[in-house]
Amino acid sequence: MSTILSLQDSHLLQQLAYVDGQWISADDEATFPVTNPASGTVLARVPRCGSAETQRAIAAAEAAWPAWRARTAKERGQILRRWFDLMNAHAEDLAQLITAEGGKPLAEARGEVTYAASFVEWFAEEGKRAYGETIPTTAPDKRLAVIKQPIGVAAAITPWNFPAAMITRKVAPALAAGCPVVVKPAEQTPLTALALAELADRAGLPAGVFNVVTGDAADAPAIGATLTASPVVRKLSFTGSTEVGRLLMAQSAPTLKKLSLELGGNAPFIVFDDADVDAAVDGLMAAKYRNTGQTCVCANRVLVQEGIYARFAAALADKVAQLRVGNGAEVGVQQGPLIDGAGLAKVEELVADALAKGARVLTGGARLEDAWARDGHFFQPTVLAEVTPAMRLAREEIFGPVAPLFRFASEDEAVRLANATEYGLAAYFYSRDVGRCHRVSEALEYGMVGVNTGLISNEVAPFGGVKQSGLGREGAHYGLEEYLEVKYVCTSIA
Ligand SMILES: NC(=O)C1=CN([C@@H]2O[C@H](COP(=O)(O)OP(=O)(O)OC[C@H]3O[C@@H](n4cnc5c(N)ncnc54)[C@H](O)[C@@H]3O)[C@@H](O)[C@H]2O)C=CC1
Ligand SMILES: O=C(O)[C@H](O)CS(=O)(=O)O
């Protein structure tokens, strides 16, 4: 199969699924294309796996579990460390794959590889800290203890927007805890997942411990149904839309799986009159336009206090207008394409709805019509003024490079507006009043709050949301606990 990707290590371009330590085709040899969202060109073709291939992956994981859990956390950590070292050694190839299939600018893709590798490094060590405890006994002839044990076979269903980091943020803690994993990557970005599998294989992960089952959008429901219906799969971790998260939760109910769900967001970004306005503009540029606005923690609503609204709006529009849009592989490009036509159409719909209800374009506002952009899914980096809660983008996740500016008068109004959503993933605000910083941090109904910063994600802090943004936490020690069971041991010493 000819491809148009040129990697330093050509073996990192894998076009087969990875099950039980083997590279496999779909049983019927069916494949689907992986395309570049900047140009529409076909990069490669990968297997359209279904239920049968998924069942074999689950069986391989189940067979590999006893030996994997029997290794010490230190031994598992040493293999994870080798995987970390290999990811760093092949960082450029991984970044090229991320940009080619996901569209993000190469500089951001390189950052994602570092971010993804950091989870492997962190959990290579954290697996050794699955501490239990002893409990002062209630009876002289008894001794009470708590131990932590791996939950068992884990499944991970991951999104396209961080095709490396969203896999390692699930797989690294699972492996460190002693759990084998079956991953179903997004249909838009399977190549990155398969390259990670190739590197994991080279790191010495035993067959069956890490499996990648690829499928097209039409295959996802069958693969998901197989993973959720299997009693062997004890844990499911999902990152993606709230709609699919709810579906997977319902499908997991009959087998009572432990769930981690990182779902949609609607992050408020509040700028108070007492904020450092220039810092707030820089913070919003990071929180809004990272990955061309396609992250679950992107600022989705920008709430600006009356006193600085005009100054902030002008400064922001000026910076956004300077963003360079293009193919993420080109040096200097800061905004790439949206992932697909559906994503572009949704952003167009939300902007059109806002304009029809009275919003005003300060910069951008439409898809790129330049000849070079016609085969891609490009939308101009946009700032809208005079946005109100009556508009759809006040309630819906934009997942694109559009910053809607809302006005507010008081702190109470800002908090009320910020919390007026079914989501609760990330929130941000800028203020230099320490009392306000404490009050607002505590009043915001979100799993994560950025105070005077637009960048909050790292491997050492618990990432996750409340309300309809999901369940559980990833990263930090909390991320390891998601793959452990608590066992209470009561021993008679009579
Ligand atoms: N929380 C986050 O980080 C993300 C949130 N999103 C949100 O979701 C919206 C839609 O984006 P999508 O990529 O389409 O998200 P999605 O939720 O449809 O897809 C995410 C993953 O779930 C899989 N999937 C989809 N339907 C499934 C099913 N019935 N059974 C099993 N697996 C299934 C997909 O193949 C992919 O691997 C975005 O506009 C955004 O609002 C999308 C990606 C990441
Ligand atoms: O799913 C996402 O959008 C990521 O979790 C965002 S982050 O971890 O890169 O901040």
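Side-chain atoms are counted along with the backbone in the values below, which use heavy atoms only and exclude waters and symmetry mates.
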Is there a side-chain contact between [X] and [Y] (heavy atoms, below 4.5 Å)?
| X | Y | result |
| --- | --- | --- |
| Val171 | Val183 | yes |
| Glu481 | Leu484 | yes |
| Leu106 | Arg110 | yes |

Looking at [atom1] of [X] and [atom2] of [Y], how far apart are the two atoms once the value is rounded to the nearest 0.5 Å?
| X | Y | atom1 | atom2 | result |
| --- | --- | --- | --- | --- |
| Asp219 | Thr226 | CG | OG1 | 10.5 Å |
| Leu259 | Leu248 | CG | CG | 8.5 Å |
| Lys235 | Leu227 | NZ | CG | 14.0 Å |

Taking the cut-offs as 6.0 angstrom to the six-membered ring centre and 45 degrees off its axis, would you call [X] and [Y] a cation-pi pair?
| X | Y | value |
| --- | --- | --- |
| Lys467 | Tyr423 | no |
| Arg169 | Phe463 | yes |
| Arg301 | Phe269 | no |
| Lys184 | Phe238 | no |

Self-check item: Glu125 bridged to Lys128 by N-O distance under 4.0 Å
Solution: yes
Quiz item: With sequence neighbours excluded, what pairs up with Arg374 under the side-chain hydrogen bond (donor to acceptor under 3.5 Å, both in side chains) test?
Solution: none
